[in-house]
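Read through the structure below, which is laid out as structure tokens, and then see the notes.
Each chain gets a letter, A, B and so on, in the order the sequences are listed, and its residues count up from 1.
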Number of protein chains: 2
Amino acid sequence: MTTTSPQGRTELLRPDGSPVRVLVVDDELSITELLSMALRYEGWQIRSAADGTGAVQTAREFRPDAVVLDMMLPDMDGLAVLGRLRRELPDVPVLFLTAKDAVEDRIAGLTAGGDDYVTKPFSLEEVVARLRGLIRRSGAADRRSDSVLVVGDLTLDEDSHEVSRAGDGIHLTATEFELLRFLMRNPRRVLSKAQILDRVWSYDFGGQANVVELYISYLRRKIDAGREPMIHTRRGAGYLIKPATS
Amino acid sequence: MTTTSPQGRTELLRPDGSPVRVLVVDDELSITELLSMALRYEGWQIRSAADGTGAVQTAREFRPDAVVLDMMLPDMDGLAVLGRLRRELPDVPVLFLTAKDAVEDRIAGLTAGGDDYVTKPFSLEEVVARLRGLIRRSGAADRRSDSVLVVGDLTLDEDSHEVSRAGDGIHLTATEFELLRFLMRNPRRVLSKAQILDRVWSYDFGGQANVVELYISYLRRKIDAGREPMIHTRRGAGYLIKPATS
DNA sequence: TGTGTTTCTCAGGGTATTCACAGGTTCCCG
DNA sequence: CGGGAACCTGTGAATACCCTGAGAAACACA
């Protein structure tokens with residue numbers, strides 16, 4: 001089931017109306033903190049664990065709808081943790097966190113079962129989007145909730161990554177796509193450059209804040225070119241997207 | 001929940017009707033004094049602390065609905081304080097105070113959990129507005145409270161930063177927007193130039209007091225132009241806004 | 001390794017915004 | 001009426017903010 005809050009944000013809920021539960025497992029406190037914060041903001045209920053033993057214990061009594069699992073834990077191999085989690089919760093989808101250089105095939109085998117993974121350092125938009133996808137597909141939330149964002153004549157499919165305006169397909173790069181998704185998930189709301197940076201860029205990004213301006217510029221070229229603009233600047237405040245006709 | 005006091009001011013209240021509680025943490029006494037005064041004026045209950053240790057202790061027994069936290073404290077790193085606060089109060093939203101030049105450095109992820117920040121020197125209107133936003137979105141106050149201020153046929157949306165009179169969209173600059181928001185949050189009440197200066201301009205503003213007259217003039221041109229005026233001068237006292245028909 | 005793509009830095013240019021200044025207007029009071 | 005105080009507003013300069021082109025660096029993929 002999805003419901004729309006007064007602020008216009010769309011929330012995922014379980015069929016019985018209670019909040020979705022997510023277990024976060026990582027040994028770095030800063031990572032669990034960051035994820036907990038971001039996922040709580042999605043309206044989900046969060047527990048965290050710092051190692052495999054704790055993860056299994058917490059899972060047993062918390063019964064999460066999804067798990068975020070770092071493959072690199074101090075006490076157990078990631079696969080071992082996964083095995084024990086599966087014994088407790090056979091159907092729960094898992095989002096793996098891995099280092100960029102980790103063996104791809106090992107992960108590839110795991111994700112065949114409907115799980116998914118992101119590489120560190122990740123962006124919060126990416127983690128949230130993939131979790132939403134997992135939960136949606138697992139059936140823990142209402143099946144009817146779909147993966148297409150629509151603002152005016154602009155549509156973005158979170159599953160196929162297809163974007164089109166007024167029927168014309170638009171090719172976006174990965175970063176452009178994430179930025180547009182963030183804007184479209186918060187239509188008519190001013191988002192500051194800091195918010196965008198925190199959400200769309202990975203947590204270790206240490207660069208210039210004007211990348212945001214740059215990517216807004218790219219998006220405009222692709223989305224607003226020769227049409228009624230949908231992306232607007234609020235000087236001194238941030239950016240927002242809204243349907244062209246208004 | 002929102003309720004309107006006899007003076008016409010709109011107050012945020014918790015679902016049980018008790019006042020919202022805010023904890024202010026800063027080592028400069030002048031800042032905590034300034035903030036405490038302004039936030040009490042909002043009808044909120046305020047406690048303050050001068051360092052990280054005190055903040056955590058106070059938070060434990062005061063259980064605030066929001067925290068204002070200076071990132072630059074004598075005894076602990078701002079992030080460390082944040083971590084301990086989160087352990088006490090997992091869901092409480094935090095408004096960070098940072099120096100202007102620190103913005104680029106290390107505030108990655110700070111706004112990601114729904115938190116927010118303002119840079120020093122700030123204006124009180126800005127702090128209050130952002131706190132209201134945080135509290136509203138956190139659900140500590142009633143969810144139904146929305147982000148639109150209405151006075152007569154004039155509306156101001158704090159989320160989209162859109163302003164319109166009688167349906168016509170009006171473009172305002174950042175300062176004009178803040179001034180109008182302050183007026184509209186205090187309809188039918190005379191606000192002195194000193195009050196306006198103290199609230200809308202940052203606390204270290206050292207300029208001429210007649211900027212207020214200037215900006216009132218700008219607002220009139222945009223809002224009252226060719227219509228029944230809503231902004232009125234009370235010579236020797238200040239300015240007020242009220243619905244045109246009365 | 002090479003080629004095309006993507007990400008990002010840097011810097012120049014444009015423009016909106018802020019603000020000071022000063023002359024004009026209105027109002028109040030004797 | 002006359003004078004002064006309070007207020008209004010046109011002008012212009014300094015600045016903050018934003019946009020975007022060019023190119024370097026990192027990356028993806030064969």
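- Counting only heavy atoms from C-beta on, B:T233 has its side chain closest to D:dC8 among D:dC8, D:dG10, C:dC8.
- Dashed line: the shortest gap from a side-chain N or O of B:R220 to OP1 or OP2 of D:dC8 is under 4.0 Å.
- Counting only heavy atoms from C-beta on, B:E213 has its side chain closest to D:dC7 among C:dT18, D:dC7, C:dA20.
- With hydrogens and angles left out, the side-chain atoms of A:T32 and A:D26 include no donor and acceptor closer than 3.5 Å.
- In the set D:dG10, C:dC8, D:dG21, D:dG21 carries the atom at the smallest distance from any side-chain atom of A:R221.
- Between B:H171 and the phosphate of C:dT17, there is a side-chain N or O to OP1/OP2 separation shorter than 4.0 Å.
- Using a 4.0 Å heavy-atom distance criterion, B:Q208 is classed as a sugar-phosphate-only contact.
- Contacts of A:F177 with the nucleic acid, taken as non-hydrogen atoms under 4.0 Å apart, are absent.
- When rounded to the nearest whole Å, the span between CD1 of B:I231 and C1' of D:dT9 equals 15 Å.
- The distance between atom CG of B:L240 and atom P of D:dC7, rounded to the nearest whole Å, is 14 Å.
- Using a 4.0 Å heavy-atom cutoff across all strands shown, B:I216 reaches no nucleic acid atom at all.
- For the 3.5 Å distance criterion, the side chains of A:D198 and B:T111 qualify, holding a donor opposite an acceptor.
- Comparing C:dT7, D:dC18, C:dT18 by their closest approach to the side chain of B:Y215 singles out C:dT18.
- In terms of phosphate contacts, B:T175 brings no side-chain nitrogen or oxygen within less than 4.0 Å of OP1 or OP2 of C:dT17.
- What separates CG of B:L197 from P of D:dC7 is a distance of 13 Å, to the nearest Å.
- Using cut-offs of 30° and 60° on the angle between ring planes, the pair A:F205 and A:W201 is tilted.
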request  = Mark up nucleotides 22-30 of chain C, 5' to 3', with B wherever a protein heavy atom is under 4.0 angstrom from a base atom, S wherever such an atom reaches only the sugar-phosphate, and - elsewhere.
outcome  = B---BB---

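- What separates CG of B:L219 from C1' of C:dC19 is a distance of 16 Å, to the nearest Å.
- In this structure, B:V128 and B:R199 have side chains that are in contact, with non-hydrogen atoms separated by less than 4.5 Å.
- Rounded to whole Å, the distance from CD1 on B:I196 to C1' on D:dA6 is 15 Å.
- Set against C:dC8, C:dA20, D:dC7, the side chain of A:L214 has C:dC8 as its closest nucleotide.
- Set against D:dC7, C:dT9, C:dA20, the side chain of B:V211 has C:dA20 as its closest nucleotide.
- Note on B:D70 versus B:K120: salt bridge recorded, some NZ/NE/NH1/NH2 to OD/OE distance being below 4.0 Å.
- The side chain of B:S217 contributes an N or O atom lying less than 4.0 Å from OP1 or OP2 of D:dT9.
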For residues 233-241 of chain A, dump all side-chain donor-acceptor pairs below 3.5 Å to protein atoms at least two apart in sequence or in another chain.
unit_1: A:T233; atom_1: OG1; unit_2: A:R220; atom_2: NH2; d: 2.6

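- A:K193 has a side-chain polar atom (N or O) that falls below the 4.0 Å cut-off from OP1 or OP2 of D:dC18.
- Relative orientation of the B:Y203 and B:F122 rings is perpendicular, given thresholds of 30° and 60° on the angle between their planes.
- Candidate nucleotides C:dT17, C:dC8, C:dC19 were compared by shortest atom distance to the side chain of B:W201, and C:dC19 ranks first.
- Using a cut-off of 4.0 Å between Lys/Arg side-chain N and Asp/Glu carboxylate O, A:D115 and A:R130 are scored as not salt-bridged.
- For C:dC8, the base has a donor-acceptor partner in the side chain of A:Y218 [N/O atoms by modelled type, under 3.5 angstrom].
- Atoms CZ (B:R234) and P (D:dC7) sit 12 Å apart, rounded to a whole Å.
- Counting only heavy atoms from C-beta on, A:A174 has its side chain closest to C:dT7 among D:dC18, C:dT7, C:dT9.
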